[in-house]
Every structure is written in C-alpha cells, then in structure tokens.
Amino acid sequence: MADQKKMVEAITSMEEDFAKWYTDIVKKADLIDYSSVRGCMVIRPYGYAIWENIQHQLDTRFKETGHENVYMPMFIPESLLQKEKDHVEGFAPEVAWVTHGGSEKLTERMCVRPTSETLFCEHYAKIINSYRDLPKLYNQWCSVVRWEKTTRPFLRSCEFLWQEGHTMHETADEALAETERMLNVYAEFCETALAIPVTKGRKTKKEQFAGAEATYTIEAMMHDGKALQSGTSHYFGDGFAHAFDITFQGRDNKPQYPHQTSWGMSTRIIGAIIMTHGDDNGLVLPPVIAPTQLIVLPIAQHKEGVLDKAYEVTERLKKICRAKIDDSDNSAGWKFAEYEMKGVPLRLEMGPRDIEANQCVLVRRDNREKTIVSLDELETKVPELLKAVHDGLYSKALANRESRTYTAVTMDEVKELANTKSGFIKTMWCEDEACEIKFKEEAGLTSRCMPFEQEHISDVCPCCGKPATKSIIWGKAY
RNA sequence: CGAGGCGUAGCUCAGUUUGGUAGAGUGCCUGGUUUGGGACCAGGAUGCCGCAGGUUCGAGUCCUGUCGCCUCGACCA
C-alpha cells in the first residue's frame, strides 16, 4: 500500500489538477523539454518517435490518395502575405518578422510562415496553365511559427510541426470533394491509429480559417470534457486564385480560376493522445503509434538462464512488433512504473518460475489485465493483445465522450449545463452570429462544429427563439 | 496583453521575513547485498543562488532594472 501511494505521487492526479497532470506527463514521459526560446519546446527522442510514427501513418494515406510531398521556403515576403485580405488580417497579429539579413536591413521584411497558402499560390500561378495540369495535389511537412501569447507543450507552442496539404482543382465540386475526402482521412486516422473518436462537422463562419469559404473539422473530447480541434480541412473556392492571379485554360478554351483546398494536422495531436488516453500512472499510447509496443522485463534476471531466455523471446517478438528489452539493473518495480509512465501498451514479465513452465505474463497498459501466455503462442497472442489495447482505449474514450455529451433546448438549460458540467452541449441554432456570440458571453461556450450527422433537437434557436436551421455542438476548447 | 506564482546542485525544493562559512531529499559515480509493483548498506562527486547594476566591511537574502518559465483569463491550430 505504501508503495502504491508512492507511485501515484510521482505525477499529479488528473482529478486534482488536470493541467498540472498534463505538464507532469509531457516532462516525466520524456516527451519534451523546455528551451530558452520563448514558447518553443525541445521535442525529445521519445516524443519525436511518436511524431515519426504519426507522420508515417498519415504520409502513407496521403500518398495512397495521390498526393506528392514538396517543400516551400520558410520566409514569406510581406507583399506576398498581403495579397489576400482576409488571410493577412487573420494571421498578421501573430507572425514573426525578419527585418535584417546579417547587419543589413532588408528592403522588404519577411515573415516566418504561419501557414503556406501564399507560397503555394505563388508557385501554382506559375505551373498551372491548362486544365490538363489539374488537379495539383501537394503536401508539405514542415514547421510553422505563430507568436502565441500563451503557450503549452504540444497544444499551443510558438513553433510547431505539422503537415499542410494544398490542392488545386478544375471545379468547385472536385475541390469540395477533396476537402471532405481529407477530413475523412484524418477522422479514419484518429480512430484506427490513435483510438480517438472524433466528430466530423463544419465550423461556423466565425470560427473558420482566415480566407476560407468553408472549414471542416474533426473535434475530439479530452478526458476532462474539453474539446480539441484535431484536424481541419478548408475549402477556399477561387478566392486565392483571384488574389494571386492563378488561371488555366479550360476545356472550353477559356481562362478559368481553379478551386483550392488546404488541410492540416499538427503535433497538437500528440496533446490529444495524452489527454484522451493518459491516466494517473502516466502516458497511455495507442499501439499503432507507440515507439515501443512491448517491453520485455526479465524478473530476477541475475538467475541462471533468465536473461538468455528473455533475449531470445525479445528477438522473436521484434519480428512481429516494436519490442524492446530492459535488462538494466533497476528493480522490477521501478521498471513497471517507468514503462507505465511512458505508456508502453504491453509489458511482458518473465521470471524463473515462468521459464520453467514455458510461459510468460503479458500485462495490458490500459487496464493492467494480466494474461499468462505459453511461450509457444506469443506470435498469435501479442498481436491479439495489441489490438485489444487499441479497442479498449477507443471504447473508453468513446464512453467518456458519450457520458459528457448533453442536449439543451433553452438558454437556461445551456447555462446550467455550462456551469455544472464539462463536455459537449448539443443544441439547435439559427446560424446568426449574434447568437453564437451570446453563447460565449453568457455561457462561456464556443461553437465546436455543426456535425455532418445533423439531428433534430428542437424547432427554435435557444438564444433568439427564431426557427433553427442547424444542430450544433458547443464546448470549452483547448 | 492583463492577474498571480516561480528562477538556489541533474531534478524537486528549503534558506530571503531579521544581510555574516551554500543546505536537504532525490538522482548521479564506486563497491557490496537485492530483484514478481518505484530495494538496502557503505563511501564519493556536484553550485557565477537567472542576468545586470546599486546599497553595504560583507548580498542567495535589501533596492533598481532586465530576461525567462509556469498557471489562470482575453486571442488562436
């Protein structure tokens, strides 16, 4: 009992202080370190390995859907950034400016990209001439800089890693289809790779991307009931094309403007993983992206034959999953706690008694369930258990979201829920921005999205009483 | 950008009120005993007290400035 107490003291309990629990985890699971650069973090090997697995998963999906990777400059001349009015208004307050090259003042200052629409557009203007050049399906992996006032590791940092897809299409329908297709890729990725259930929907005008005609989003709910926008996909129409003078000769032999999309997912998603699956013993990683999927822990490893057998088992497991052994001389208890902190999905314990019985103990990270497995069956049991951990994480996250999703018909109900509960509140809405602002002022809620799966909750907008046209989800967001 | 908190050993922090030899726990190194839920014994190394000025015989401690980090708000992926 005394030992158990010691374990949970290692990090702040999530019930006690969720924000502190979060920062404890990112530090103690060795995901990041702070740096001397304001609002920027060092992503350490274990954190970066998670990102690399995410990159691999996403990049494979992008390639499968016909996209190509490119790289754009990290600087954007001020004149280029200013070409599209809404866009520059949206981003200007948070860009970093480069004013000098060496000791010489630049004739035109340049910003460090906060996003790369303008650079892609400048390039597209040069290379798109005919409808035969379309579609252009480009993506880039890079970092961007936004001068945030308040920063938190992964969730909001001044520099963050992401991918940004930028595509150009012959018709509006094609571009809209692309926007939805990539949102679906993100949603499928979140659910099958990260075990995070997401709600797909459209952002309100107020919340949509600067310069976009429509923004689609996947919204995830964190363990504490707060929402996290986890990926976005934007439809731009031909607005940027006009601003950047991108035209092509159409099938009718006349000049036309192409229709554009962009879509992005960032290292913020690592924050979503932590806050969706983590618990008071530390990080819990979904098996698909866990850098180590299984850790082999020899018990009483000084005893004759234990280490040899453990090495042998590790080599076998390396062929079917990302397996590692910890043969350091730390105590077994220390190792248990360590790999739980790091969120390794499966632990394999093997001591002299097991070896004698030709078996080992497999322990799931998500629920600590122990299974005794014959060493002859490892190759079938390990993949089964990894799948079981994934499914367990998904259903737990889904259950949390379901239990924290409420519906409200009147504004009083909305305020009551906002004050007493943490989660999603579903209502109807008249689509008037004035009402959206009142939700913020009176209940502290922002709109998360108008879900693709619309439902009928009531006939009128809770705020103004006028006929409602959409069902919408409200919440408090990270 | 507003409000609050904090910068002292690798880490967590005490010491600041009342100026007077730089501290603890943990981690680290050596050796030994241990090992199925964060082990134990013995020995050892570790400091520009964030930075810059000032007051003083003397500053981790007082004063001024400055930089940074954390938390909560307002704004954003």
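Proteins come first, then strands; the chains are lettered A, B, ... in the order of their sequence lines, and each starts at number 1. Remember, predicted model here, so these are calculated numbers, not experimental data.
- A distance cut-off of 5.5 Å between ring centres, combined with a plane angle under 30°, leaves A/H302 outside any stacking arrangement with the base of B/U34.
- To the nearest whole angstrom, the two C1' atoms, one in B/A9 and one in B/A22, are 10 Å apart.
- Along RNA chain B, the nucleotide closest to A/C40 and the one closest to A/K27 are compared, and the more 5′ of them pairs with A/K27.
- Under the Watson-Crick or G-U wobble criterion, with both distances below 3.5 Å, B/G7 is paired with B/C67.
- Of the candidate nucleotides B/G36, B/C1, B/C70, B/C70 has the atom nearest to the side chain of A/T151.
- One finds a salt bridge joining A/E442 and A/K415 here, because a Lys/Arg side-chain nitrogen approaches an Asp/Glu carboxylate oxygen to under 4.0 Å.
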With side chain to side chain donor-acceptor pair (under 3.5 Å) as the criterion, how do A/R364 and A/T371 come out once you've worked through the C-alpha distance, each side chain's angles and the decisive distance to 0.1 Å? CA-CA 9 Å; A/R364 286 171 57 169; A/T371 315; over 6 Å; no

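- Set against B/C72, B/C75, B/G37, the side chain of A/T150 has B/C72 as its closest nucleotide.
- When distances are taken from the side chain of A/T23 to each of B/C70, B/A74, B/G36, the shortest belongs to B/C70.
- Residue A/V361 is in base contact, counting any heavy-atom pair closer than 4.0 Å across all strands shown.
- Candidate nucleotides B/U35, B/C72, B/C76 were compared by shortest atom distance to the side chain of A/A19, and B/C72 ranks first.
- The residues A/R181 and A/E178 are annotated as salt-bridged, a charged nitrogen and a carboxylate oxygen being separated by less than 4.0 angstrom.
- The listed nucleotides are B/G36, B/U71, B/G37; the one nearest the side chain of A/R347 is B/G37.
- Aromatic ring centres of A/Y235 and A/Y216: separated by at least 6.0 Å.
- Nearest nucleotide to the side chain of A/F336, out of B/G73, B/U71, B/G37: B/G37.
- Distance from the side chain of A/E148 is smallest for B/C76 among the nucleotides B/C76, B/G37, B/A39.
- Not a single donor-acceptor pair, N or O on each side, falls under 3.5 Å between the base of B/C76 and the side chain of A/R146.
- Of all nucleotides present, only B/U33 satisfies the Watson-Crick or G-U wobble test against B/A39, with each distance under 3.5 Å.
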